[in-house]
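Note that ligands are numbered from 1 as they come in the structure, with each ligand's atoms numbered from 1 the same way.
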Amino acid sequence: MSHRDRRIAALAALAGFLFPTTAHAVTTVGGGVLAGISFHHRPSFALTIQAYVTEGWDRRSFQAGCYSSPRAAVGPIGAVSFVKGGPRLIAAVIGGGDVSGVSEFGAPSLLAGGEVGAVWGAGGEPGVGLHLGAHAGLSVLTAAARVEAFEEASVSAGLWYAPPYGQHYGCAVPGRPLRDSEGRRVESVCADEWSRRAQDEASSVLAFLDLAQALLEQDAPAELIDRALRSAEDEIAHALLCRAEGGAGPTLPLFAPRARLPRREALVRIATESFHDGWINEGLAAREALVRSRVAGGSARRALAIIARDEARHARLGRAVAQWAIERGGRIDA
Ligand SMILES: [Fe+2]
Ligand SMILES: [Fe+2]
């Protein structure tokens, strides 16, 4: 193992240590109102009011970026159904999760879950029985099917206030942006914005480690490999700067270089990505950070100035790597 291989491994370990996937418990207090039909001898209108407290795990993951990933939760629920013949009182456990598998901001959560517990008054008769239920939901909309004491069934639909599980939290900047006297947006750079930036910066660490690994495999000049590794170090520093400005801690998966390609294909990939992701994208990122640094103040201004300076250097590295790869037989694909 060369010292550059060891440096890649060390930086990967450092990034994994600094930006781990985290999880924390989330308590949800909410309720719902559902209207439907209850079937016992003959169909009757049913109105159900419910309240619950659930506990779940909110897991921030690399794929989810700065958004909450799907989570499952479980907890007690109490409900009363008003049906002809008298109310049905329900005490149960509700549980479920997000089954949509997406966590993009704005994407509705597809929820599914169930409940099991006891019912009193099923069929309009006094007495305790088993309560079973299943529900599906789309964000705050919910539909449920329930069986009470194996003698009365119901289907209903309604609204949840604070769904009991599977919520997402977005990172959109809340509200309308403030502008200064000259009409420029005042870049207060809210915590959520720094969170997004921190995540992007941390993700770049892995991109540079992957580039360094690919260059190593293709016997690229040591100078280019070292510049890629130095860039990975820059990106760690950028992520820490963004976190220090109030951003949530970014999360990263364990670094695993992509599968090795035949030389010609590897050179095309290196050239193409170094052109688009390095030269163009990092050049734009440098420009954007520079512009933002001019309207930011205090430590934010310094952080953005550092990022702008480093991103410009990364853009130059992208150009140099693309040129080297093209000279060796690669090309830039669209
Ligand atoms: Fe960066
Ligand atoms: Fe960069």
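Looking only at atom types and distance, the side chain of D310 has a donor-acceptor partner in the side chain of H238 under 3.5 Å away. For Q218 and R328, the side-chain atoms include no donor-acceptor pair closer than 3.5 Å.
Under the 4.5 Å side-chain criterion, counting only non-hydrogen atoms from C-beta, Q50 is in contact with W160. Counting heavy atoms from C-beta outward, L215 and W324 have side chains that approach closer than 4.5 Å.
Using a 4.0 Å cut-off between a side-chain N of Lys or Arg and a carboxylate O of Asp or Glu, E233 and R7 qualify as a salt bridge. Using a cutoff of 4.0 Å between basic side-chain nitrogens and carboxylate oxygens, R197 and E288 are scored as salt-bridged.
Of all protein N, O or S atoms, those under 2.8 Å from the Fe ion (ligand 2) number 4.
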